[in-house]
Amino acid sequence: MDSKILIIGSSGQIGTELVLRLREIYGNENVVASDIRKGNYEVMESGPFEFLDVTSKIDIKEVLEKHQIKEVYLMVAILSVIAEQNPQKAWDLNMNSLFNILDLAKDGIIEKIFWPSSIAVFGPDTPKINTPQDTIIKPSTVYGISKLAGENWCAYYSQKYGVDVRSIRYPGLISYKTTPGGGTTDYAVEIFYEAIKRKSYTCFLEENTVLPMMYMDDAINATIQVMQAERMSSYISYNLGAFSFSPKELAEAIQKQIPEFEINYKPDSRQEIAKTWPQSIDDSQAKNDWDWEAKTDLDQMVITMLQGLHYRI
Ligand code: AKB
């Protein structure tokens with residue numbers, strides 16, 4: 001490899017697994033992890049790590065130059081729930097981090113960027129079933145507004161300055177190596193911890209709230225695939241789907257493995273966010289452009305989560 005890869009936000013839910021997979025593909029020394037906090041043992045021990053504050057363009061530039069990095073995965077964001085509690089902070093972090101990276105690419109220092117968007121760009125007026133790539137996009141959350149603005153800025157830098165930026169609208173992501181933080185879809189991870197520890201879970205969403213979800217392995221595959229894709233539509237943030245379920249359906253899938261597991265419902269303000277998001281996603285453009293296909297279904301995901309967490313908690 002002539003140049004190296006930087007993951008910013010490598011201690012987060014996606015960043016952790018992305019670093020490990022990229023290191024498998026490109027070699028440990030070629031993938032630099034960075035975050036403002038330490039990562040898990042596997043990330044810290046398997047290759048280079050830099051403490052990095054993404055709001056400082058000078059610090060990012062220094063790390064890029066030190067390691068001769070040309071490709072950046074910017075995995076930093078304040079998610080939907082925390083963003084509602086602190087709109088200004090979420091806007092500042094979500095947007096300034098993106099501008100720093102886009103500007104470094106515009107200046108020719110970075111050659112290729114991955115930036116994550118989310119199903120949160122969609123809002124209450126968006127068709128909920130099989131939500132198309134191009135549709136009514138009027139988010140009603142702080143996080144969704146920042147993601148939609150980010151998508152538009154990526155398109156602007158791509159068209160105006162030729163910046164190569166790739167993006168995906170992630171659904172809720174389910175994984176066991178690192179916990180998510182501050183998202184509306186987090187219940188779908190929390191439920192597994194409680195199923196193992198207490199055999200019961202009180203859900204903060206209503207029982208029939210269906211949301212699009214995906215197992216982390218598929219999300220990581222998609223992320224790497226879109227970065228490697230040769231045939232792309234002009235800049236878009238790709239819709240991506242795998243499976244959809246409600247808390248009740250997830251609980252039923254867990255009960256197949258742990259029959260005594262019980263679920264209760266105590267919806268809170270997160271329900272208000274969830275009800276504005278799609279239930280299922282039309283990802284035919286990702287399928288056409290770079291052969292995207294999810295591999296893990298709901299039952300497989302449940303088995304993998306229970307086995308994976310069994311040894312961790
Ligand atoms: C959240 O719930 O905020 C995130 C997302 C769907 O982007 N997981």
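As a basis for the values below, the full set of heavy atoms in this structure was taken, side chains included, without hydrogen atoms, waters or symmetry mates. Ligands are counted one by one from 1 in listed order, and the atoms in each one are counted from 1 as well.
- When only non-hydrogen protein atoms are considered, atom 3 (O) of ligand 1 lies nearest to Ser80 OG, 2.6 Å.
- Counting protein heavy atoms only, atom 5 (C) of ligand 1 is closest to Ser118 OG, 3.5 Å.
- Transitive grouping of hydrophobic side chains (ILVMFWY, heavy atoms separated by less than 4.5 Å) keeps Val210 and Ile174 in distinct clusters.
- For ligand 1, the polar-atom distance check finds an N/O of Tyr143 within less than 3.5 Å of one of the ligand's N/O atoms.
- The pair Arg166-Asp164 counts as a salt bridge, with a side-chain nitrogen and a carboxylate oxygen less than 4.0 angstrom apart.
- The nearest heavy-atom contact from the protein to atom 2 (O) of ligand 1 is Thr184 N, 2.7 Å.
- Expressed to the nearest 0.5 Å, how far NZ of Lys287 lies from CD of Glu293 amounts to 7.5 Å.
- Using a 3.5 Å distance cut-off with no hydrogens or angles, the side chains of Tyr170 and Thr223 do pair a donor with an acceptor.
- Atom 4 (C) of ligand 1 has as its closest protein heavy atom Thr185 OG1, 4.0 Å.
- Taking 4.5 Å as the limit, every side-chain heavy atom of Asp217 sits out of range of all side-chain heavy atoms of Lys295.
- Heavy-atom contacts of Trp277 reach the following atoms of ligand 1: 1 (C), 2 (O), 3 (O), 6 (C) (cutoff under 4.0 Å).
- Here the NZ-CD1 distance, from Lys112 to Ile69, works out to 15.5 Å after rounding to the nearest 0.5 Å.
- Below 4.0 Å from some heavy atom of Leu79 lie the following atoms of ligand 1, by number and element: 3 (O).
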